[in-house]
Amino acid sequence: MKLGFYYHIPIKKNGARLYAPSYLSVFISELSMHVDELVLFMHEATELEKIECDGLLLNKNISWVNLGNKTPAWHRVFFHKRLLKPGISKLFDCDILLVRSPTPLAPFFGKYLKKVQIVFMIVGDNDEVALNMEVNNCRQIITKYFIKYNQILFEKQIAKSRIVVNSPQLLEKYKFIAPKIQLIKTTTLGVESFFFREDTCNKPIINILYTGRIDIAKGLFELLEAISVLRSQNFNVILNIVGKEINDGNEIINLLIVKAKKLNIEKYLIFHGWKSLGFGLNEMYQKSDIYVIPSYHEGFPRTIWEAMANSLPVIASDVGAIPFYLKNEISALIIKPKEIDSLVIAIKRIIQNKKLRKKIIENGFKLAKKATQEKQMKILFEYLK
């Protein structure tokens, strides 16, 4: 099989070598293990984006069609022909083009690839993003309606295509729209990703960990409030944040620092920056006691699988696919988003209830074992073939 692949996360070239952000590079590398040739139809990283491109694509059956630097979403939608037309002929002899979505260009590939089968791999929900957006000014209103417009165009393409989704929620949403649909789990886990320990929270300092995109919708301000309450109740907790913001600059990080100062807990908030998938990130998981992701909306974050694979008890919001995959008080503690009191209670329960904590660690670890890339790729390629 000759497979094409598109996603809007850019890659970089250094000599003859190609690099992508590590979480994506492990997925691309695993894809290439199952095909004769893999053609990456992707954007080129800017100088700032190159910092994140830390995962080497080793397999020699991978080639790259350079789409140039990624432009703003509105530009990609309204000038899709200018972006796609110059290089699209290099995909004409592919058997399938796999388009990871949502992405602004997703509705337009069908205009130029009449004889190549397009399969959309949907890992998020534009409607959820639009629904949960803050709308306080004209720009945010325009952005919200732009996302809805792009989703309408995308669903017209879904109606003509086979799709893959990563949550039962998306399966329910699209099962009557797409001609064929397959559920898989999107994950970065390999055999080397697992670190088992029976328990955490056994030291004087309790390290709370969040990893992922630094964004208001991840519930980080509520998490800061919860840390403040816990410290006022003599729980010796520290909040560790690993990740970066999507946009250049540190606007949200600076707001979090200001918030921490107001709460008088700035000494207990530590930013660790971007960590590569693998040793650097796993070290953070293994040094921590509890993983918390109190998002307002989600698909299913790969970071939950990573935390469970490193034997961390997980506290997560009751959003997206999370309650479909995780069972409350069995493999995680599930809370309502934006509820600081619920978050405080959940963290206290993990710290104080050793029996519950150990059960969640053990069951989470077993669940992560079923979500390795190798197992999910077998499902994906059986479907593609």
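The backbone N or O of H272 lies less than 3.5 Å from no partner atom in the side chain of N240, so there is not a single donor-acceptor pair. Using a distance-only test at 3.5 Å, with no hydrogens or angles considered, a donor-acceptor pair links the side chain of T187 to the main chain of L189. Distance alone, capped at 3.5 Å, is enough to place a donor-acceptor pair between the R162 side chain and the L384 backbone. E245 places a side-chain N or O within 3.5 Å of a backbone atom of I253 that can act as its donor or acceptor partner. The backbone N or O of L312 sits nowhere less than 3.5 Å from a side-chain atom of N310 that would complete a donor-acceptor pair. For the pair N150 (side chain) and F146 (backbone), a donor-acceptor distance under 3.5 Å is absent. Of the possible donor and acceptor atoms, none in the side chain of R17 sits under 3.5 Å from a partner among the backbone N and O of L56. Judged purely by atom type and a 3.5 angstrom limit, R76 uses its side chain to pair as donor or acceptor with the backbone of T71. Using a distance-only test at 3.5 Å, with no hydrogens or angles considered, a donor-acceptor pair links the side chain of R231 to the main chain of V237. Checked by atom type and distance alone, the side chain of K70 never pairs as donor or acceptor with a backbone atom of T46 at under 3.5 Å.
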I322/D318 under side chain to side chain contact (heavy atoms under 4.5 Å, CB included): CA gap, chis, key distance, verdict: CA-CA 6 Å; I322 290 171; D318 182 16; over 6 Å; no

Working for side chain to side chain contact (heavy atoms under 4.5 Å, CB included), residues W305 and L367: CA-CA 8 Å; W305 296 125; L367 196 60; 4.0 Å; yes

(message) Walk me through whether L255 and F221 qualify under side chain to side chain contact (heavy atoms under 4.5 Å, CB included).
(response) CA-CA 9 Å; L255 289 173; F221 286 89; 3.7 Å; yes

Checking I184 against M121 for the side chain to side chain contact (heavy atoms under 4.5 Å, CB included) test, could you report, in this order, the C-alpha distance in whole Å, the side-chain angles of both residues, the deciding distance, and whether it holds? CA-CA 9 Å; I184 67 166; M121 183 177 186; 3.6 Å; yes

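In the hydrophobic cluster analysis, where Ile, Leu, Val, Met, Phe, Trp and Tyr join through side-chain heavy atoms closer than 4.5 angstrom, F79 is grouped together with L113. At a threshold of 4.5 Å between side-chain heavy atoms, the hydrophobic network of Ile, Leu, Val, Met, Phe, Trp and Tyr places V39 and Y19 in two separate groups. Residues I177 and L171 share a single hydrophobic cluster, defined by chaining ILVMFWY side chains whose heavy atoms lie under 4.5 Å apart. Both Y149 and F120 are assigned to one and the same hydrophobic cluster, defined by single-linkage of ILVMFWY side chains at heavy-atom distances under 4.5 Å. Cluster annotation: I345 and I350 are assigned to distinct hydrophobic clusters (Ile/Leu/Val/Met/Phe/Trp/Tyr, side-chain heavy-atom contacts under 4.5 Å, transitive).
Classification of K13 and E44 as a salt-bridged pair fails, no side-chain N sitting under 4.0 Å from a carboxylate O. Between K366 and E362 there is a salt bridge, since at least one side-chain N of the basic residue sits less than 4.0 Å from a carboxylate O of the acidic one.
Remark: K173 engages D125, D127 in a side-chain hydrogen bond (donor to acceptor under 3.5 Å, both in side chains) (not counting sequence neighbours). Partners of S342 according to the side-chain contact (heavy atoms from CB on, under 4.5 Å) rule, which considers only residues two or more places apart in sequence or in another chain, are I335, E339. Residues that satisfy the salt bridge (charged side-chain N to carboxylate O under 4.0 Å, His left out) test with E266, not counting sequence neighbours, are absent from this structure. In this structure, the side-chain contact (heavy atoms from CB on, under 4.5 Å) partners of F196, at least two apart in sequence or on a different chain, are E198, S311, F365. Residues passing the side-chain hydrogen bond (donor to acceptor under 3.5 Å, both in side chains) test with N363: none are found, sequence neighbours excluded.
The hydrophobic cluster containing Y145 also includes V135, I141, under a criterion of side-chain heavy atoms closer than 4.5 Å among ILVMFWY residues, counted directly or through chains of members.
At least one side-chain heavy atom of L343 sits less than 4.5 Å from a side-chain heavy atom of L223. Looking only at side-chain heavy atoms (C-beta outward), D199 and R357 come within less than 4.5 Å of each other. For the pair K259 and L263, the minimum side-chain heavy-atom distance is below 4.5 Å. Residues I163 and K175 have side chains not in contact (no heavy-atom distance under 4.5 Å, counting atoms from C-beta outward). Counting heavy atoms from C-beta on, the side chains of L58 and S29 never come closer than 4.5 Å. Between F92 and Y112 the shortest side-chain heavy-atom distance does not fall below 4.5 Å. No side-chain heavy atom of V314 sits less than 4.5 Å from a side-chain heavy atom of I360. In this structure, C201 and I290 have side chains that are in contact, with non-hydrogen atoms separated by less than 4.5 Å.
If you look at Y6 and H43, their ring centroids are closer than 6.0 Å.
Of the inter-residue distances, the one linking I62 atom CD1 with L57 atom CG reads 5.0 Å to the nearest 0.5 angstrom. Note: I11 CD1 to L67 CG = 9.5 Å, rounded to the nearest 0.5 Å. Taking CD from E52 and NZ from K50, the interatomic distance works out to 13.5 Å, rounded to the nearest 0.5 Å. Taken from CG in L269 to CD1 in I241, the straight-line distance is 5.0 Å, to the nearest 0.5 Å. Once rounded to the nearest 0.5 Å, the distance linking CZ of F41 with CG of N66 reads 10.0 Å. Taking CG from D289 and CD1 from I206, the interatomic distance works out to 4.5 Å, rounded to the nearest 0.5 Å.
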Pairs of donor and acceptor atoms involving the side chains of residues 323-334, under 3.5 Å and at least two apart or interchain, shall be tabulated with distances.
{"from": "Y325", "atom 1": "OH", "to": "N166", "atom 2": "O", "distance (Å)": "3.3"}
{"from": "N328", "atom 1": "OD1", "to": "I334", "atom 2": "N", "distance (Å)": "2.9"}
{"from": "E329", "atom 1": "OE2", "to": "R349", "atom 2": "NH1", "distance (Å)": "2.9"}
{"from": "E329", "atom 1": "OE2", "to": "R349", "atom 2": "NH2", "distance (Å)": "3.2"}
{"from": "S331", "atom 1": "OG", "to": "K327", "atom 2": "N", "distance (Å)": "3.0"}

Tell me which donor-acceptor pairs under 3.5 Å the side chains of residues 153-160 have, and how far apart each pair is, sequence neighbours excluded?
{"from": "E155", "atom 1": "OE2", "to": "Q151", "atom 2": "NE2", "distance (Å)": "2.9"}

Please table the atom pairs, donor to acceptor, closer than 3.5 Å between any side-chain atom in residues 291-301 and protein atoms at least two apart or in another chain.
{"from": "Y291", "atom 1": "OH", "to": "T211", "atom 2": "O", "distance (Å)": "3.0"}
{"from": "Y291", "atom 1": "OH", "to": "T211", "atom 2": "OG1", "distance (Å)": "3.3"}
{"from": "Y291", "atom 1": "OH", "to": "T303", "atom 2": "OG1", "distance (Å)": "2.8"}
{"from": "S295", "atom 1": "OG", "to": "E298", "atom 2": "OE2", "distance (Å)": "2.7"}
{"from": "Y296", "atom 1": "OH", "to": "E222", "atom 2": "OE1", "distance (Å)": "3.0"}
{"from": "Y296", "atom 1": "OH", "to": "E222", "atom 2": "OE2", "distance (Å)": "2.7"}
{"from": "E298", "atom 1": "OE1", "to": "K218", "atom 2": "NZ", "distance (Å)": "3.4"}
{"from": "E298", "atom 1": "OE2", "to": "K218", "atom 2": "NZ", "distance (Å)": "2.6"}

Determine all donor-acceptor pairs shorter than 3.5 Å in which one atom belongs to a side chain in residues 20-28; sequence neighbours excluded.
{"from": "S22", "atom 1": "OG", "to": "D54", "atom 2": "OD1", "distance (Å)": "3.4"}
{"from": "S22", "atom 1": "OG", "to": "L277", "atom 2": "N", "distance (Å)": "2.8"}
{"from": "S25", "atom 1": "OG", "to": "S22", "atom 2": "O", "distance (Å)": "2.9"}

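Taking the centre and axis of the six-membered ring of F235, the NZ or CZ atom of K348 falls outside the cone set by 45° and 6.0 Å.
Annotation: side chain to side chain donor-acceptor pair (under 3.5 Å) contacts involving residues 88-99, sequence neighbours excluded, comprise K2-D93. Annotation: side chain to side chain donor-acceptor pair (under 3.5 Å) contacts involving residues 99-111, sequence neighbours excluded, comprise H8-T103.
Summarising the local packing, CE of M33 is surrounded by 12 or fewer heavy atoms from other residues, nucleotides or ligands at distances under 6.0 Å. Surrounding CD of Q233 are more than 12 heavy atoms belonging to other residues, nucleotides or ligands, all under 6.0 Å away.
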